2 protein chains.
Amino acid sequence: MHKEKIERCDCNILHHELVDRVRGRMPGKDEVRAIADLFKVFGDPTRVRIISALFHSEMCVCDIASLLDMTKSSISHQLRILKQARLVRYRRDGKVVFYSLDDEHIKSIFDQAKSHISE
Amino acid sequence: MHKEKIERCDCNILHHELVDRVRGRMPGKDEVRAIADLFKVFGDPTRVRIISALFHSEMCVCDIASLLDMTKSSISHQLRILKQARLVRYRRDGKVVFYSLDDEHIKSIFDQAKSHISE
DNA sequence: TGTACAGTTGAACAACTATTCAACTGTACT
DNA sequence: AGTACAGTTGAATAGTTGTTCAACTGTACA
């Protein structure tokens with residue numbers, strides 16, 4: 001019979017050994033935040049559409065804005081977020097900046113997500 | 001030489017044929033929203049930790065609250081969101097409700113995400 | 001040098017979201 | 001019936017986030 005240390009949870013621990021065992025296998029604070037931050041990037045319709053477009057071809061900001069019927073500004077803001085998450089790369093050609101996907105994992109993550117949705 | 005229909009985008013279309021071709025391959029409005037909504041569920045540290053815990057074993061609300069050092073209430077709110085996304089199932093055993101993962105795609109989605117992060 | 005235009009950026013606003021709090025439900029046990 | 005406790009729920013609050021607007025940068029071209 002062991003008294004638990006003070007828990008923020010306002011209840012008795014029902015399965016103490018299980019909790020301790022799982023606790024040892026939990027990802028660290030930084031990894032959890034990194035995972036959540038990555039999915040947060042995927043969790044916006046505009047960014048999903050940008051990524052879906054870039055699956056087919058590199059495109060400039062103007063192309064994407066036209067395709068999605070949105071302003072260049074909002075597209076540029078979203079591309080910055082995708083850039084920070086290292087999901088897109090860009091190359092400059094004169095006045096035009098072309099964006100393309102920079103990660104081979106995105107396609108399979110999206111495919112798995114589509115599988116879940118259509119089950 | 002074709003005049004474009006009015007675009008919300010405040011620019012000339014630079015690559016019109018490309019945009020038209022990609023437009024035909026874009027996912028529909030409902031699919032885009034479904035994809036974004038699913039990733040939005042994954043885009044929160046608390047839910048990432050709940051899912052990470054359930055990878056190892058089914059657990060009751062009290063166990064999860066204790067493991068994450070949070071209140072039963074906040075865990076219950078998050079489990080409702082996971083339930084609505086059809087990512088967890090639950091079974092009642094007396095007073096206790098056990099939750100477990102209800103999707104075989106989650107593991108591979110998370111694995112791909114971890115691969116991206118640690119590249 | 002001056003104009004045109006693709007793209008970027010910061011601030012502001014509106015919409016959304018996670019946690020807290022309090023009240024509540026449902027089951028077990030006496 | 002009454003108590004105890006696991007879990008749920010709705011409202012409120014604080015923090016976050018996407019779009020807009022206006023001003024700006026950088027490159028091409030005359």
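Fair warning: this is a prediction, and the values are worked out from it, not measured in the lab. Each chain gets a letter, A, B and so on, in the order its sequence line appears, and its residues count up from 1.
A donor-acceptor pair under 3.5 Å links the side-chain atoms of A/Ser118 to the main chain of A/Lys114, judged by distance alone. In this structure a side-chain-to-backbone donor-acceptor pair under 3.5 Å is missing from B/Arg47 to A/Ala36. Looking only at distances, a side-chain donor or acceptor of A/His116 sits under 3.5 Å from a matching main-chain atom of B/Ala85. The closest donor-acceptor contact from the side chain of A/Arg25 to the backbone of B/His56 lies at 3.5 Å or more, if one exists at all. Side chain of B/Arg89 to main chain of B/Asp102: no donor-acceptor pair is present (N/O by atom type, distance under 3.5 Å, no hydrogens or angles). The backbone N or O of A/Gly94 lies less than 3.5 Å from a partner atom in the side chain of A/Arg92, making a donor-acceptor pair. Between the B/Ser66 side chain and the B/Cys62 main chain, no donor and acceptor come within less than 3.5 Å of each other.
Between the side chains of A/Gln112 and B/Ser108, at least one donor N or O lies within less than 3.5 Å of an accepting N or O.
Side chains of A/Ile64 and A/Leu68 form a contact here, defined as non-hydrogen atoms less than 4.5 Å apart.
One can place CZ of B/Phe98 at 13 Å from P of D/dT8, the figure rounded to the nearest angstrom. Residue A/Phe42 contributes atom CZ, which lies 18 Å from atom C1' of D/dT17 at whole-angstrom precision. Rounded to whole Å, the distance from CD1 on A/Ile64 to C1' on C/dT8 is 14 Å. For A/Leu79 and D/dT19, the CG to P distance is 12 Å, given to the nearest whole Å. The separation between B/Glu58 atom CD and D/dG7 atom C1' is 16 Å, rounded to whole Å. Summarising the geometry, the separation between CZ on A/Arg49 and C1' on D/dT19 is reported as 13 Å, rounded to the nearest angstrom. The interatomic distance linking B/Gln84 (CD) with C/dA18 (P) rounds to 12 Å, in whole Å. Distance, A/Arg91 CZ to C/dA6 C1': 14 Å, rounded to whole Å.
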Are any protein N/O atoms closer than 3.5 Å to N/O atoms in nucleotides 21-27 of chain D? If there are, list each pair with its distance.
residue : atom : partner : partner atom : Å
D/dC21  : N4   : A/Ser73 : OG           : 2.7

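In this structure, B/Arg80 does not reach the D/dG7 phosphate: none of its side-chain N or O atoms is under 4.0 Å from OP1 or OP2. For B/Thr46, no side-chain nitrogen or oxygen approaches OP1 or OP2 of C/dA18 to under 4.0 Å. Residue A/Lys40 has a polar side-chain atom (N or O) positioned under 4.0 Å from OP1 or OP2 of D/dT17. Distances shown here put every side-chain N or O of B/Gln78 at or beyond 4.0 Å from the OP1 or OP2 atom of C/dT17. OP1 or OP2 of C/dT9 has not a single side-chain nitrogen or oxygen of A/Ser76 nearer than 4.0 Å. OP1 or OP2 of C/dT8 sits under 4.0 Å from a side-chain N or O of A/Tyr99. Proximity of A/Tyr90 to the phosphate of C/dT8: no side-chain N or O atom is located under 4.0 Å from OP1 or OP2.
Axis deviation across the helix from C/dT1-D/dA30 to C/dT30-D/dA1 amounts to 30°, comparing end segments of five pairs, rounded to 10 degrees.
Of the candidate nucleotides D/dT8, C/dG7, C/dA18, C/dA18 has the atom lying nearest to any side-chain atom of B/Asp44.
A ring-centre distance under 6.0 Å is not found for A/Phe42 and B/Phe42.
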